[in-house]
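Working notes for the structure below.
Just so we're clear, the structure is a prediction, and the values are computed from it rather than from any experiment. Both counts, for ligands and for their atoms, begin at 1 and track the order of listing. The analysis underlying the following values was restricted to heavy atoms, covering all of them including side chains, and did not include hydrogens, waters or symmetry mates. Along the sequence shown, residues are numbered consecutively beginning with 1.
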Amino acid sequence: MDSVDIAVIGAGAAGLFAGIWAGRTNPGLSVVALDGAKRIGAKILISGGGRCNVTHFHVDEKAFAGSSPAAIRKILRRFDVDHTIAFFESRGVKLKRESTGKLFPISDSAQTVLEALLRAAESAGVSIRSSHRVFAVSSQNDHFLISGDWGSLAAKKVILATGGKSVPKTGSDGYGYKIASSLGHALTDKIMPALVPLTLPADHFLCKLSGISADVQIKVETGSGHVLKAFSNSLLCTHFGLSGPAVLDISRYYIDAALADPSTALRINWLPEKTTNELHEELQQLNRSTVLYWLRKQLPERLARSLCAQAGIPEDTPGYRLTREQRARLVQQITNMKLPVTGDRGFRFAEVTAGGVPLKELNLNTLESRICPGLYICGEICDVDGRIGGFNFQWSWASGFVGGRSAADSL
Ligand SMILES: Cc1cc2nc3c(=O)[nH]c(=O)nc-3n(C[C@H](O)[C@H](O)[C@H](O)COP(=O)(O)OP(=O)(O)OC[C@H]3O[C@@H](n4cnc5c(N)ncnc54)[C@H](O)[C@@H]3O)c2cc1C
């Protein structure tokens with residue numbers, strides 16, 4: 001049977017990075033990365049709309065959820081954004097920062113990022129084996145036995161980097177959770193889609209506004225009105241409901257809260273730059289101008305018309321005719337619209353997975369399992385999920401670095 005020093009299971013962002021740093025840390029070691037997919041890097045290639053949003057100019061633990069912020073910070077600090085920029089630059093991939101703070105390769109092509117990682121893995125001596133899906137890992141006395149329909153392999157150390165369950169056709173179908181459990185790890189109670197579009201009833205007026213986007217504030221509220229989380233960003237109406245960065249960012253908080261308490265509400269403020277008082281004043285000063293004239297100066301016309309209709313106000317109503325009740329209804333629709341969310345688009349459309357292996361089960365200096373010595377766990381399989389904007393890759397780079405280095409250092 002084949003025998004290696006380190007076997008990385010999963011050659012996605014975190015697994016490739018772990019392999020690279022294991023090889024660089026101790027060039028004498030044999031490092032193998034096993035991946036079930038025929039072609040390595042499918043998720044990297046589809047990331048950032050094919051451009052790969054490699055990281056964000058400012059990354060800290062506040063952009064993440066799941067395990068404790070202190071635990072997440074501890075890993076992020078070991079390999080920060082400057083390290084990421086330097087790593088890719090050293091492999092010939094210069095990154096550029098966009099106005100949103102996101103960093104992309106100047107080529108605007110995810111392919112260059114994947115190629116850089118594959119070349120770096122090759123120069124670090126990592127042997128990548130595609131079409132090597134792992135079915136079982138068992139811990140023997142001083143090594144691990146890894147098997148699949150391709151045969152089996154013995155490894156002194158294992159780095160588990162099988163990702164989450166999002167977009168399973170890329171190869172990340174959640175099987176890694178089974179492997180982690182079989183080695184003694186507990187998983188979080190909930191493993192749910194994150195950065196996922198949300199659905200509305202098919203006849204909801206927003207579904208008919210498909211293609212329209214607006215800069216909104218979106219918030220999750222408990223049944224008693226306590227705000228759990230809020231984001232200000234762009235929202236996109238689609239034929240099934242809601243998407244766009246604001247919705248993707250809030251989705252995991254809404255899903256999590258709604259699972260625990262069905263009275264959880266998702267609310268939208270369509271004009272977050274203005275206070276309700278300002279809106280009331282502007283409406284009171286409209287005189288002969290119509291409500292629609294006022295609203296479409298600030299929002300897309302079809303949305304403006306729909307908001308009038310939702311408030312039950314004929315859109316050609318001149319300001320001086322607006323009753324106090326009509327004004328209150330319109331301001332309520334504009335600033336605090338409750339959305340009857342029916343669900344989410346599921347793992348097929350989720351960019352990441354919330355939940356997984358809790359960081360408290362890992363040694364935070366090394367990412368070695370506290371439960372199964374010799375096993376290292378990194379990437380999205382951990383209970384860490386970030387906002388949209390490059391944060392999830394930064395988690396993969398940082399945790400892959402810590403896991404890979406530590407596994408190599410231990411030999
Ligand atoms: C559409 C989309 C766009 C995204 N865009 C961005 C972005 O622009 N910026 C950003 O920061 N994040 C983005 N993300 C999230 C980011 O891609 C992930 O968080 C990151 O790739 C996770 O890396 P990972 O290595 O932990 O897991 P993955 O990248 O999921 O890799 C896991 C690997 O393990 C393999 N594997 C799984 N099970 C087994 C098994 N049993 N045996 C062998 N191999 C196995 C899989 O084939 C896969 O190659 C996006 C995600 C999606 C779906």
Side-chain angles (χ1 to χ4, degrees), residues 7-19 32-56 59 63-64 66 81 84 95 98 100 102-105 108 110 113-114 117 128-137 146-150 153 158-180 182 193-197 243 245 248 345 347-354 356-357 377-382 384-400 403-404:
V8 184
I9 306 181
L16 286 172
F17 225 61
V32 158
L34 308 164
D35 200 294
K38 262 199 213 128
R39 276 194 63 215
I40 302 295
K43 200 170 271 183
I44 294 172
L45 290 179
I46 59 170
S47 69
R51 296 198 301 138
C52 189
N53 175 196
V54 175
T55 186
H56 192 275
V59 175
F64 295 84
V81 176
T84 301
L95 302 180
E98 300 200 334
T100 51
K102 298 177 181 180
L103 270 71
F104 289 89
D108 277 329
V113 173
L114 176 59
L117 288 167
I128 298 177
R129 300 188 188 165
S130 53
S131 301
H132 272 60
R133 186 167 166 81
V134 171
F135 290 144
V137 180
I146 301 162
S147 54
D149 58 8
W150 41 270
L153 176 74
V158 165
I159 302 176
L160 191 60
T162 42
K165 293 173 85 166
S166 50
V167 192
K169 67 174 185 214
T170 59
S172 330
D173 58 1
Y175 196 84
Y177 299 127
K178 281 198 185 137
I179 298 176
S182 75
L195 300 185
V196 66
S243 191
L248 298 182
R345 295 268 273 164
F347 283 111
R348 253 178 357 115
F349 294 93
E351 289 199 11
V352 280
T353 305
V357 177
I377 303 186
C378 58
E380 201 180 306
I381 187 175
C382 297
V384 177
D385 58 291
R387 287 182 57 182
I388 202 140
F391 300 96
N392 289 294
F393 274 138
Q394 186 59 38
W395 171 254
S396 295
W397 313 136
S399 61

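If you check which protein heavy atom lies closest to atom 42 (N) of ligand 1, you get Val134 N, 2.8 Å. Among protein heavy atoms, atom 49 (O) of ligand 1 sits closest to Asp35 OD2, 2.6 Å. Protein heavy atom closest to atom 11 (O) of ligand 1, with residue, atom name and distance, is Phe393 N, 2.7 Å. Looking only at heavy atoms of the protein, atom 37 (C) of ligand 1 is closest to Gly171 O, 3.2 Å. Among all non-hydrogen protein atoms, the one lying nearest atom 39 (C) of ligand 1 is Thr162 CG2, 3.6 Å. Looking at atom 15 (C) of ligand 1, its nearest protein heavy atom turns out to be Glu351 O, 3.6 Å. In this structure, atom 34 (O) of ligand 1 lies nearest to the protein heavy atom Gly10 CA, 3.2 Å. Shortest contact from atom 9 (N) of ligand 1 to any protein heavy atom: Asn53 O, 2.9 Å.
In this structure, Arg133 and Trp150 approach most closely via the heavy-atom pair O-NE1, 2.7 Å. Taking each heavy atom of Asp35 and Gly12 in turn, the nearest pair found is OD2-N, 4.0 Å. Here the closest non-hydrogen pair linking Phe104 and Asp108 is CB-OD1, 4.4 Å. Pairing each heavy atom of Cys378 with each of Ser399, the nearest pair is CB-O, 3.4 Å. Residues Val357 and Ala180 share a closest heavy-atom pair of CG2-CB, 3.9 Å.
Below 3.5 Å of separation, one finds an N or O of Gly36 facing an N or O of ligand 1. The N/O atoms of Gly176, backbone and side chain alike, include none that comes under 3.5 Å of an N/O atom in ligand 1.
For atom 30 (O) of ligand 1, the candidate residues are Ala350, Ser172, Gly163, Cys382; the nearest heavy-atom contact is made by Ser172. For atom 1 (C) of ligand 1, the candidate residues are Ile46, Ile381, Leu103; the nearest heavy-atom contact is made by Ile46.
A distance below 6.0 Å separates the ring centres of Phe393 and Trp397.
Taking CD of Glu98 as the reference point, atom CG of Leu103 lies at 8.5 Å (rounded to 0.5 Å).
With salt bridges taken as basic N to acidic carboxylate O contacts below 4.0 Å, none links Lys178 and Asp173. A salt bridge is defined here as a Lys NZ or Arg NE, NH1 or NH2 lying under 4.0 Å from an Asp or Glu carboxylate O, and Lys165 with Glu380 fails to meet this definition.
Listed by number with element, the atoms of ligand 1 under 4.0 Å from a non-hydrogen atom of Thr170 are 47 (O). Atoms of ligand 1 found under 4.0 Å from any heavy atom of Gly12, numbered from 1 in the order shown, are 25 (O), 29 (O), 31 (O), 33 (C), 49 (O). Those atoms of ligand 1 with a heavy atom of Gly48 less than 4.0 angstrom away are 3 (C), 4 (C), 5 (N), 6 (C), 7 (C), 8 (O). Proximity to Ala13 (heavy-atom distance under 4.0 Å) selects the following atoms of ligand 1: 23 (O), 25 (O), 29 (O). If you number the atoms of ligand 1 from 1 as listed, the ones under 4.0 Å from a heavy atom of Gly379 come out as 26 (O). Under a 4.0 Å criterion applied to the non-hydrogen atoms of Ser47, ligand 1 contributes the atoms 3 (C), 4 (C), 5 (N), 6 (C), 7 (C), 8 (O). The contact set between ligand 1 and Ala161, taken as ligand atoms under 4.0 Å from a residue heavy atom, comprises 32 (C), 33 (C), 34 (O). Numbered from 1 in the order shown, with element, the atoms of ligand 1 that lie under 4.0 Å from a heavy atom of Lys43 read 17 (O), 21 (O), 29 (O), 30 (O).
Counting heavy atoms closer than 4.0 Å to ligand 1, residue Ser396 contributes side-chain atoms (C-beta onward) but none from N, CA, C or O. If you look at Val352 next to ligand 1, the close heavy atoms, those under 4.0 Å, all belong to the side chain. Here His132 has backbone heavy atoms under 4.0 Å from ligand 1, and that is the only part of it that gets that close. Here Phe391 has backbone heavy atoms under 4.0 Å from ligand 1, and that is the only part of it that gets that close. Within the 4.0 Å heavy-atom criterion, both parts of Glu380, backbone and side chain, lie near ligand 1.
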Task: Trace of the side chain to side chain contact (heavy atoms under 4.5 Å, CB included) decision for Leu34 with Ile146 - done: CA-CA 10 Å; Leu34 308 164; Ile146 301 162; 3.9 Å; yes

TODO: Given side chain to side chain contact (heavy atoms under 4.5 Å, CB included), test Ile44 with Val113 step by step and report yes or no.
DONE: CA-CA 8 Å; Ile44 294 172; Val113 173; 4.3 Å; yes

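For the 3.5 Å distance criterion, the side chains of Thr84 and Gln394 qualify, holding a donor opposite an acceptor.
Note that Arg387 lies outside the cation-pi zone of Phe64, set by a 6.0 Å cut-off to the ring centre and a 45° limit from the axis.
Not a single heavy atom of Ser166 lies less than 4.0 angstrom from ligand 1.
Of the possible polar contacts, one joining the Lys43 side chain to the Ser166 backbone as a donor-acceptor pair under 3.5 Å is found. Side chain of Asp385 to backbone of Ala354: no donor-acceptor contact under 3.5 angstrom is found.
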